[in-house]
Structure formats: C-alpha cells, structure tokens
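See structure below.
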Amino acid sequence: MTKFVFCPELIRLYTQNSAPVIELLALGYIDVMPSHLDARLTEAQRQAVHQIQGPLLILAGPGSGKTLVVTHRIAHMLAESIPAEQIVALTFTNKAAEEMRARVERLVPDQPVWLGTFHRFCAQLLRRYAQFVGLDPGYTIYDTADSKNALQHVLEANRFELEIFTPGQIINEISWAKNNLITPADYEPRVGKPLTYVVAEVYEAYQKQLLQSSAVDFDDLLLHVASLLRENAEVRRQLDERFRYILIDEYQDTNLAQYAILRALSFDHPNLAATGDPDQSIFGWRGANLNNILEFEKDFPGVRVVRLEQNYRSTKQILRVADALIANNVLRKHKTIFTENGEGRAVRVVCYPTAKDEAENIAAYIANQVAQGRRRPSDFAVFYRTNALSRTFESAFAEFGVPYILVKGVEFYQRKEIKAVLAYLQLLNNPRDDVALLRVINTPPRGIGKKSLARLTEFAHARGIPLLEAAVDAKAIDGMPKRAAAAMQTFAETVQDLSAKATGTIEHLLGLVLTGSGYREHLLASEAEADEERLGNVEELLTVARQFDGRHPDEPGLEAFLEETALVNDTDAWSEQVERVPLMTLHSAKGLEFPVVFITAVEDKLLPHERSREDPASLEEERRLFFVGITRAKEELQISLAHRRDFRGRRRFTVPSPFLTELPRDEIEVVDLGWPAPQEDESYAESEFEATEHAVEEYDEAPPDEPSAISDPQGSAASTKTSPPPGTADPLATLTTAAELSAISASDKSDASAKARKTDVEAFQIGMAVTHPDYGLGKIAALSGNGPKRTATVNFVTSGQRTFRIQHSDLRPAAAQ
DNA sequence: ATTCGCAAAGTTTTT
DNA sequence: CTTTGCGAAT
C-alpha cells in the first residue's frame, strides 16, 4: 500500500546533512512514508493536500504556500497509488508551470504527471482530435501577429475596407468573443459599439480562413476543445475518465471557455481542485471571469473549501499595506490575511523629481547593495504598469552597471527573420498555412510583388484552394507576369523539395530550410548591418532547435517544436539562477516573489491606467494589480512615482495615483525628493508652449501638500521649490531613507552628472541629502532667500534642525563627501 | 519590384 | 520616442 516516496526536500529538514539520506533513499533502503509529506504543512494546508476525492476549492491568499500545497498534493496522490497519467495540473503561464514542474520533480522525480499551461494542454488534445473540429493534426498555431495577418488577408480577399478600426481592434474583439464561447453564428453586434458591427461582418470569414488554413489562434485552442467536448459525448466521457484528477491554478483568471472545458472534464469524476484568489484577478480584460471562482461552490455541489490565509512570504509591514489597499475594493468578499513573520522595514513611498531620477536612484540603490555584498541582483525586482516604461530603467541600469533582464517575452520570436524561418517550418508542416506562405513567398526577395500576390490570392480564393497549391499553377493565372509566375512555381517546388527531405532533427531541418530557401545566402550577401544581426538571430534559433532536439531525442517532432515556439517565449526560461535584476510589468509579476520590490510609476493614468478609470470594475482590477505587486515583496518594498515623467516623447507633470491615499499613512515612510529644478535642464525652458504652460499651471495650483496624496497633511514631508514649506520638522524616520537614496544616487554616478553637482547655491534642493562636517548627514527641509542670502533649513539625522546661509556654510550635497 | 525616406500614428496587461 | 505605413524614386 505504501509507496516509495523520494523526498529530499523534506529530508533536509530532519537532518543536517542530507546526502547520506538521499543516497539511502535512492538505493531503496529506506522509504519516506506519505505522512512525512505533511511535516511542513499547517492544518489548513494539510487538509488541502489530503482532500483528493471530490471538488476542492483552495482560496489561497498571496504567499500562503499555494505551490507547496499543490505540489505536495500531487505527491500525496501518487503516494496513494493514483496513476500519474490520471493527474493533470494546469497553470496559466509557462513560468508557473516551470516552477511547479521543478518542485514536483524534487518531491517525486520522473512521474508522467501532465503539467503545463492550459493552452498547451488544449493544443495537445487538439492534435489528437483535430479532425473532430475540422483541422489537420498538423495544424498551425498563430500568434497575435499571425492572426492579424490572417485577418488582413481575409479583408483584402473580400475587398473589405477598414475605415475607423485597426485589425488589432477587431482581433481583440474576436478574441473576447471566443473567450466567451461565442462563435461567428452566435455573435451579435452590440448597440453603441460600432466596432462590434464590423466584427459581425468579418468574424465568420476570419474563422473560415483559419479553418481553411488549418490554423488556430490562441483562443481557438480553448474554443475548439470546448466545442469538441460539448459536441462529442463519447470523447468527453473518455477524457473525463482519463484525466480524473485535475488541478487548476489561478482559477480566478479563467475565462468561460476554460470553465466549460474544466466542467466537461470533471463530470463523471469531479475531482477538480482549483486554487485561486479573487483579490488577484487581473485578467478581466482578457475575458477572465471572476464568477468562475465566486460561484465554484454552486457549480460543484459538495465542494470542500479550504482557506489559506496565513502568509509566509512578507513582513507584517508589507502585508498591512496590502491589506489596507485591497480593503477599498467593494466588489469583494472580505478576507483576512496575516503573518507570523517579523515587522520588517517600513514600506517606503518615494516621490522623485523626474522619472529619470526614479530609475537612477533605484539602479544606484541596487548597485550599492550589491557592491556591499548585502544582496544579489536577483533579490530585487522592478515592476511597472506598462512595458513602455521599461526603457528608462534599462538605460539607468546600464549606466550604473547593474545587470538586468527584461521579462517581456516575445521579442525574439517576433523578429522578422525568426518569424520567417519559422514560417517555412510551418509551411512544411502544414501546406495549407496561407499566412506562413505569404510571409515567406518573397523572403528572400524573389521578385514577387503585391500585385502578383493579389492575383494569386484571388485565384486561390475563387477555387477555394490553399495559396501553395495555387502557386503551383501560377502560370495559369490571368494577368500573372511571366517572371512572377515562374518565381512562384520555383518557390512551390522548393517547398515541396524541402518537404520531401523533412526528416531528422529540427536543427538539421532548419539548416536545410536556410539553404534551400536561399535565405541564408541572401543574409550573407547583404551589405546591411541589420542583416548581419539577423544572421546572428537565426543562429540563435538553430541553438534553440538543437536544445529542443536534445530534449526530444526519439521523435523528429516538428509539430512539437512549432507548438513550443508558439506557446513559449524566450523569457519564460528566465530563472533566478541568473544574476540579473528582473524588470517586468505588474501582470507578469504574478506568482513570483522577491526580497526587495520596487513598484514604480504609481501615478494617475498609469496605475490605475487611464483606460480603466471610467469603469468601477476595472478600477478595482487595477487596485488588485497593485495589490499583486505589493504582495510580491518579502522584505522590502518601495513604491515610487515621479513629479515629472517624459512619456511618448512628451514632458508631463504627473498626478499621484489615487491608490496612494488608500495606503495606511501611519505605517509607511513617505519621502518627497522635491520638484525638478527648471534651470537644470535647458530643454525645459524651451519646451513647447503647451508643456510649459501646463507646468506652470501645476506649480501654481499645487500648494506644498497638494500634489502628493502621499505627503502628510502638515506638509512636512513634501514641499515644492517655489513655495517653501512651513517650518515644521521632517519626521526623522524618513531621513535615513531619503538621504540614503539621494546619497547613493549622486555619489555613484559618473562624470555625466558632475555639472549638476557643482556646489553653487542653486544646487541645493528641498529633500536633498547633505552633509556637514560638524553635524553629519541631513536632509534639506526648506530653502529661502536668493543669491548670497540663500538659506537652507536642514534636519540632521543625529543633531536635529539647523539653518544655514548656504554660501558661508560647509554644507555639501551628500555626494561630495 | 525594391528600396529608401519621411510622415503619421500609437502604446495595457498575455497565451 | 519608437515603430509602422505609405509614397516616391531607382
């Protein structure tokens, strides 16, 4: 009855030196009883692990050991002799899947438990049941760019002119429909939404095109599987039988299609375990349906609900901030989260003069911590709302020599050359793939232009045949220039040729494609520097292929390779082993944790995003997004914003995020490093009229304590350059941080900033860290007077408040020490 | 047909 | 500020 369980992770807890124990285990001399799996678990966690039969809802707050529970649950099932083939664990992202796989592997190695993303699970089911939904087993998976191209192709073929909407908008709406299981036949335009009328006209044609090309978009992966299960009772029954134990992670982010699939697979064997947290639902815009989790109990009678409310990740300070914030959501079930962790450092809210200062200070802080050996780069993480905000950080991190990695995904696989090479493979795998053909028929240039392509398309369309087939008969097409026709035929032959040779490893095949297509030669012959880089990228793809081959030694697996490249992106492989600071959006931070977290650009119109402001529900989603960000932090959290941010090439003064007022004022450290000094930047004065006027407006309308929700009402922490604050003292608590941050920033910076550092009277600003030979480190609380009479009021860390005439004092910016 | 250049437009989040 | 798109020149 008792099965052998190999469990080094747990053994380590019992013994100082685990090596001998592991060896004994490996040799089979000792067993670890299943009960030992429970050693680390709390009562609630234990319940969740042990409840194997029947529906289970695990409401898991942030940092509550959810992954621990899920992985142990799987181990426990295996220990209870449930065949691994019957267990499916679905995650939302590849990153989460990787993490889970690694941890399951450590508990119970080499078990064929199906573990991966929902989309991938569906992709593989579709391989087997492709013909049920009108696809070839070798169907192609289109990414968003491909989908847009497909749509464009459809629009052109139907001579449909878009006047106001972009293909992207239409694709988005179609995506929304598919996520809600709305097929072209069911789709109805919605009054007051012009876009939906356009979609009503093209959705069907788009879908037809996809089927004709034997291709699917991301949403189809779910939609097709959902209809497969709905329309084929026998298939559904078999799959329900096969996948008897399903675990679904991040249930709050599932959409209707995913819900339908899960239900269909959990009918005869309702052993569905869902984990999730309504407070972390952040994908509503993509069709995620919060009702799925809120109504789980209704949907699955007899469900057992386990709440994991204890947080093992964050300090008390961080958790209180998170809790206070999320309490502002009205559409929410109350939930308590608590921790027995220590108090920790206060959460900092810092307002920098400019976005550049923000990025540089954070980079400098990290550089300093790393240089001191206090932390490693991977201990930190920087979050922002939109990818567009990453650039400032990239340059600041580069400037300070801090290694970083952009956790953005796509990039590599979206490059033209990579897409092109992969399109050749797609075409080999699926000759009906029109989008792939269009992408490569003239790559490298073969003298096939727009007009000839239009003729080819028309011809194919009229006969209802794939483009590749049409290309074979190119000569027969009316009005087709001889040269183009010949080029098309040669192209078709090349593809067929390659197709015949398409055996062996992917790397080998890729090599054939590069040579056979003439693309490699074209890149080599090219003078352009860009092409040289492309060649390099193609080489990298060869490396990817080689690695894939290594992982799949038995099968050639072209399909599998294409599936992987479609559903996995390059930074999914990013791991904390890599000593780099990850920069990422708040969305991609979900499920991760870091000792030190910086949440940046917490400004109105960014967080909450301007497009979320009208709708209260999406405003709450933005708040949850902030909540997710906050709860990633284990030890230190800094929330920051800038008075001025250059965005989209424009200079803007910002408004602090309304969410900042919702943070518990007494618990956080607020630091306002002051406004940017106009004279420091000549472009400020010369900037276009609009911006200048706006700036002036902001200045006048912003009394000392107004611009910042974060400043405390006495105006002690915040002030503006133009309006010296009342003489109230800064809270000493903020001094260290402010000083620390500015000091590091200024001192670590190279000559670039030297001119900004010259010690004339104008160099001093409110909030600036300064040193004095007698009094030590301090922060400027107020400034008054001009020229020689310029006077600074300084709060010193150790010796209280002093006032100086700057010119006659020994006051220095902290940097100059 | 291709390439080069300039203008315009656009940017939430992800599988 | 970047990327995309379109139009003109070769």
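Chain letters run A, B, ... following the sequence lines, proteins first and then strands; every chain starts at 1.
If you check every strand for non-hydrogen atoms under 4.0 Å, A:Phe283 touches sugar and phosphate atoms only. Residue contacts for A:Arg446: at a heavy-atom cut-off of 4.0 Å it reaches the sugar-phosphate backbone alone, with no base atom in range. At a threshold of 4.0 angstrom between heavy atoms, the contacts of A:Ile282 with the nucleic acid are absent. Within 4.0 Å of A:Phe92, counting heavy atoms only, lie sugar-phosphate atoms of the nucleic acid but no base atom.
The existence of a salt bridge linking A:Asp277 and A:Lys66 is excluded, since no basic side-chain nitrogen approaches an acidic carboxylate oxygen closer than 4.0 Å. The pair A:Arg644-A:Glu603 does not count as a salt bridge, with every side-chain nitrogen at least 4.0 angstrom from each carboxylate oxygen. A salt bridge links A:Asp217 with A:Lys178: at least one charged nitrogen is closer than 4.0 Å to a carboxylate oxygen.
Judged by distance alone, the side chains of A:Ser213 and A:Gln209 do bring a donor and an acceptor atom under 3.5 Å apart. Judged by distance alone, the side chains of A:Thr354 and A:Asp357 do bring a donor and an acceptor atom under 3.5 Å apart.
Distance, A:Met480 CE to B:dA1 C1': 14 Å, rounded to whole Å. In this entry the distance linking NE2 of A:His609 with C1' of B:dG10 reads 12 Å, nearest Å. Distance NZ (A:Lys419) to P (C:dT4): 12 Å, rounded to an integer number of Å. One can place NE2 of A:His587 at 11 Å from P of B:dT15, the figure rounded to the nearest angstrom. Between the P atom of B:dT2 and the CD1 atom of A:Ile448 lies a distance of 8 Å, rounded to the nearest Å. To the nearest angstrom, C1' of B:dT15 lies 15 Å from CD of A:Gln124. As a whole-Å value, the separation of A:Gln414 CD from B:dT15 C1' is 12 Å. Rounded to an integer number of Å, the gap from NZ of A:Lys148 to C1' of C:dT3 is 12 Å.
Between B:dT11 and A:Asn387, no contact under 4.0 Å exists linking OP1 or OP2 to a side-chain N or O. When the side-chain nitrogen and oxygen atoms of A:Ser588 are compared with OP1 and OP2 of B:dT14, one or more of them lie within a distance under 4.0 Å. Proximity of A:Thr144 to the phosphate of B:dT14: no side-chain N or O atom is located under 4.0 Å from OP1 or OP2. At B:dT2, one or more side-chain N or O atoms of A:Asn442 fall inside 4.0 Å of OP1 or OP2 (strictly under the cut-off). Distances shorter than 4.0 Å separate none of the side-chain N or O atoms of A:Thr93 from OP1 or OP2 on B:dT14.
Closest-nucleotide positions on DNA chain B for A:Ser452 and A:Arg611 were compared, and the one nearer the 5' end corresponds to A:Ser452. Nearest-nucleotide positions on DNA chain B for A:Gly447 and A:Thr386 put A:Gly447 closer to the 5' end. In terms of position on DNA chain C, the residue among A:Arg391 and A:Lys450 whose nearest nucleotide sits closer to the 5' end is A:Arg391.
Checked against B:dT11, B:dT13, B:dT15, the side chain of A:Ala388 finds its nearest nucleotide in B:dT11. Of the listed nucleotides (B:dT3, B:dT15, B:dT14), B:dT3 has the atom at the smallest distance from the side chain of A:Pro445.
Ring centroids of A:Phe218 and A:Tyr142 are separated by 6.0 Å or more, keeping the two rings apart.
For A:Trp285 and B:dT13, the ring-to-base geometry satisfies the stacking test (centroid distance below 5.5 Å, interplanar angle below 30°).
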